[in-house]
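In what follows, a structure is listed as structure tokens, so that the remarks can point back to it.
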Protein chains: 2
Amino acid sequence: DIPQILLSHGGGGRLMHQLIDTLFAAAFGTQATQHDGAVLPVNEGELAFTTDSYVVHPLFFPGGDIGRLAVWGTVNDLAMCGAVPQSLSAGFILEEGLSMETLWQVVQSMQQAAEIAGVRIATGDTKVVERGKGDGMFINTAGVGRVIAPQPVSPRRVRPGDAILLNGDVGRHGMALVQVREGLRFESAIESDCAPLNGMVRELIEGGIDLHCLRDLTRGGLATALVEIAKTSSLSFALEETKIGVTDAVRGACELLGFDPLYVANEGRCVAFVPEKQAESALQIMRRHETGRNAACIGTVEMEARGRVTLHNAFGTTRLLDMLSGDQLPRIC
Amino acid sequence: DIPQILLSHGGGGRLMHQLIDTLFAAAFGTQATQHDGAVLPVNEGELAFTTDSYVVHPLFFPGGDIGRLAVWGTVNDLAMCGAVPQSLSAGFILEEGLSMETLWQVVQSMQQAAEIAGVRIATGDTKVVERGKGDGMFINTAGVGRVIAPQPVSPRRVRPGDAILLNGDVGRHGMALVQVREGLRFESAIESDCAPLNGMVRELIEGGIDLHCLRDLTRGGLATALVEIAKTSSLSFALEETKIGVTDAVRGACELLGFDPLYVANEGRCVAFVPEKQAESALQIMRRHETGRNAACIGTVEMEARGRVTLHNAFGTTRLLDMLSGDQLPRIC
Ligand SMILES: Nc1ncnc2c1ncn2[C@@H]1O[C@H](COP(=O)(O)OP(=O)(O)OP(=O)(O)O)[C@@H](O)[C@H]1O
Ligand SMILES: Nc1ncnc2c1ncn2[C@@H]1O[C@H](COP(=O)(O)OP(=O)(O)OP(=O)(O)O)[C@@H](O)[C@H]1O
Ligand SMILES: [Mg+2]
Ligand SMILES: [Mg+2]
Ligand SMILES: [Mg+2]
Ligand SMILES: [Mg+2]
Ligand SMILES: [Mg+2]
Ligand SMILES: [Mg+2]
């Protein structure tokens, strides 16, 4: 009945317990305010464990909101470890004055996103900071999941000859946000690509694909992710620009605003490094998924170990890719 | 060499990777910027999983700092689940302009706290928000640990006749912060009680103590924690006020400022509900620990199931305790 978040909602007393019981625990289906933590059954083996904080601005944007990002972003990082995401934690830092309606919408969106991805939000925390010391809401999620990949999924397992697969077009999430922030009106609005990738990854593993390395293409985009992997593995990658999907809307917005789509953040895109002879069957599995419908092989790992990423374009010229540097888009996730 | 945090430190590019490699990964001993998450070995059994965000103001205070709280607070929530804390995640939300020196100090403090508690900081995340949209730094930690208690540690296992044990004096953490914020000068400065409780809990379990329920006494203090447990278990607790330790300094500050020490936050205190016949041996184990040196039995669980907490004082009168409500201390953790 209180329309806005008060400092007392973080004070540890009656109001906080009411908020947790009626809003968070109610939405997430967790058991009221009873425990200091959650207890989960685990099997012998390997557990993936990851975290991200989400400070995206604005909280709602075409194709998603902070709640979806917070759930799917962490689900995706677990999937990139070759794991089946199991449970998430959700830590909220709320700014005094945040509308209760907004909080409710985000929490509903998180629960929906969790159901879609097949994970539980098992535990959480609620803090409130004074007006002007936060920005509406920040969310941290951490996640755990069981590793099911039979071999490590890691940059160190990338091998010369590996095919580099990409599950769809790049640049949509970042440009969807820029578009909103700058108040731009394109003919067709750009929607974020945010999506859970765990289903697709699981089928790749269960389909017998030997995933040498996975990486989701968040901050820094495709180029930065590949440069990182090249450095860590000390191998070089040759990419074909024409194979990298970019929608006309994203390309147009990037040209207008001076962005390179290869460096723009995504929230539902990843690269997969697989043995060349499994590339075709991996692509078939990916394409069966909504999030992999436009999957393509965008390049290969070269024989020489130089830690470089080169982009070959349609005109036969070549560009060396480096990490994102200089001006960047703040708070896109 | 950059003296302050820039927006680009959260942008996903070169600057962020440098910050992670040279500051976070260097301090925490994690492996550079190589993975989307950490992979940990687990045994078959139960995993405790918990999270807290830390927004304490100021960042440094007598007896501790935000880094210690962030590590030990989450370690303690895992311990309260009857678990041995294993790995933590660390998510940072930094405000543009934060001094690099301050960040470094906090990160060092976290690593030291992790070593003291015997846990690893295994994975993390770094976000930056614009000046005026945060407050120096917020930290979220999540943690996982193996449950070693042979029976569930839960309010539902509290039984009539149980002894209620408390590991030391209450009210220090909250009053240490109030003292700094209000610029008060007491004869002897009040120091936070913040401390890791996992060692003590582990010895209780290994010593064969059947821990029915544990709860650390953070926001809301001793009284709120007990009221919560009474409600969840539908049992009533009778406490003896004279057994509840409060230092003269804390009592004086509370009187001066109108606080009740039973409702003031602690960061190294917990209650343990144990079968009456194990109370003495549990106290002996607790007293062997620095954090349990002044452990005492402060009350018992009554026979009638009314969900009430009553406090009996030296003069023979009785007070009914309720949850903290009304004005509260913001941002004490
Ligand atoms: N935003 C939230 N979403 C889901 N569960 C939550 C949320 N906030 C709190 N909880 C749950 O409510 C219970 C009480 O949370 P609380 O943060 O008070 O416990 P705590 O961490 O032991 O205390 P403190 O945060 O003061 O250290 C826990 O079980 C926690 O998982
Ligand atoms: N503050 C930190 N402390 C410890 N490790 C960190 C910290 N920040 C990042 N890391 C580690 O650095 C690596 C890269 O982190 P990053 O956040 O860029 O990955 P990501 O979560 O996959 O990307 P994004 O946050 O854009 O979704 C990870 O291994 C992460 O655990
Ligand atoms: Mg607790
Ligand atoms: Mg991520
Ligand atoms: Mg908490
Ligand atoms: Mg990632
Ligand atoms: Mg806690
Ligand atoms: Mg991250």
Side-chain angles (χ1 to χ4, degrees), chain A residues 7-8 10-14 17 33-53 55 77-78 80-81 87 89 91 93 122-125 127 129-130 133-135 138 140 142 144 147 154-155 215-216 218-220 224 228 232 265 323-325 328 330-331, chain B residues 7-8 10-14 17 33-53 55 77-78 80-81 87 89 91 93 122-125 127 129-130 133-135 138 140 142 144 147 154-155 215-216 218-220 224 228 232 265 323-325 328 330-331:
Chain A
L7 276 177
S8 297
R14 185 184 308 287
H17 287 92
T33 57
Q34 296 171 1
H35 286 288
D36 297 282
V39 171
L40 324 166
V42 282
N43 293 320
E44 171 121 17
E46 286 184 320
L47 187 83
F49 179 36
T50 192
T51 194
D52 266 328
S53 295
V55 299
D77 277 331
L78 291 171
M80 298 301 116
C81 299
S87 289
S89 63
I93 298 175
T123 186
D125 181 62
K127 296 289 188 298
V129 296
E130 303 90 340
K133 302 293 183 182
D135 194 14
F138 302 140
N140 175 284
V144 293
V147 175
S154 147
R215 177 69 47 94
D216 61 336
T218 53
R219 291 179 287 172
T224 304
E228 269 182 60
T232 311
M323 266 194 196
L324 179 63
S325 72
Q328 289 154 24
R331 297 181 60 186
Chain B
L7 276 177
S8 297
R14 185 184 308 286
H17 286 91
T33 58
Q34 296 172 358
H35 287 286
D36 296 283
V39 171
L40 322 167
V42 283
N43 293 321
E44 171 121 18
E46 287 185 319
L47 187 82
F49 179 35
T50 192
T51 194
D52 267 328
S53 295
V55 300
D77 277 333
L78 291 172
M80 298 302 115
C81 298
S87 289
S89 63
I93 298 175
T123 186
D125 181 61
K127 297 289 188 298
V129 297
E130 304 89 340
K133 301 293 183 182
D135 194 14
F138 302 141
N140 175 284
V144 294
V147 175
S154 147
R215 178 68 47 94
D216 60 337
T218 53
R219 292 180 288 171
T224 305
E228 269 181 60
T232 311
M323 264 191 199
L324 179 63
S325 72
Q328 288 153 24
R331 297 181 61 187

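Every heavy atom of this structure was used, including side-chain atoms; hydrogens, water molecules and symmetry mates were not. Here is how names work: the chains are called A, B, and so on, in the same order as the sequence lines, proteins then strands, and each is numbered from 1.
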*Is chain B contacted by the side chain of Val39(A), its backbone, both, or neither, given a heavy-atom distance below 4.5 Å?*
both
_So for Thr218(A), is it side chain, backbone, both, or neither that comes closer than 4.5 Å to the heavy atoms of chain B?_
neither
*asked:* Need one label for Leu47(A): side chain, backbone, both or neither, based on atoms under 4.5 Å from any heavy atom in chain B.
replied: both
*Determine the minimum heavy-atom distance between Ser325(B) and Arg14(A), stating which atoms define it.*
CB-NE, 4.1 Å
*Geometric class of the Phe138(A)/Phe138(B) ring pair [parallel <30°, tilted 30-60°, perpendicular >60°]*: tilted
*Can you tell which of Gly220(A), Ser87(A), Ser89(A) has the highest number of heavy-atom pairs within less than 4.5 Å of chain B?*
Ser89(A)
*Residues two or more places apart in sequence or in another chain: which of them pass salt bridge (charged side-chain N to carboxylate O under 4.0 Å, His left out) with Asp52(B)?*
Lys127(A)
*For chain A, the option from Gly13(B), Gly124(B), Ser154(B) that forms the most heavy-atom pairs under 4.5 Å*: Gly13(B)
*Specify which of Met80(B), Arg331(B), Glu46(B), Glu130(B) makes the most heavy-atom pairs with chain A at under 4.5 Å.*
Arg331(B)
*asked:* For the interface with chain B, which of Ala38(A), Pro41(A), Ala48(A), Ala142(A) has the highest count of heavy-atom pairs at distances below 4.5 Å?
replied: Ala38(A)
*What residue, out of Leu78(B), Val147(B), Asp216(B), has the most heavy-atom pairs lying under 4.5 Å from chain A?*
Asp216(B)
*Could you tell me which portion of Thr224(A) (side chain, backbone, both or neither) has an atom closer than 4.5 angstrom to a non-hydrogen atom of chain B?*
side chain
_Val129(B) vs Asp135(A), test: side-chain contact (heavy atoms from CB on, under 4.5 Å). Steps then yes/no._
CA-CA 9 Å; Val129(B) 297; Asp135(A) 194 14; over 6 Å; no
*Which of the residues Thr50(B), Leu40(B), Leu7(B) is involved in the greatest number of heavy-atom pairs with chain A at under 4.5 angstrom?*
Leu40(B)
*How far apart are the closest heavy atoms of Gly10(B) and Arg219(A), and which atoms are they?*
O-NH1, 2.8 Å
*Hey, are the side chains of Lys133(B) and Val55(A) touching, using non-hydrogen atoms and a 4.5 Å cut-off?*
no
*Specify which of Pro330(A), Ala122(A), Gly134(A), Ala265(A) makes the most heavy-atom pairs with chain B at under 4.5 Å.*
Gly134(A)
*To the nearest 0.5 Å, what is the distance between CD1 (Ile93(B)) and CD1 (Ile93(A))?*
4.5 Å
_Test your reading of the model: is there a side-chain donor-acceptor pair from Asp125(A) to the backbone of Ser53(B), 3.5 Å cut-off?_
yes
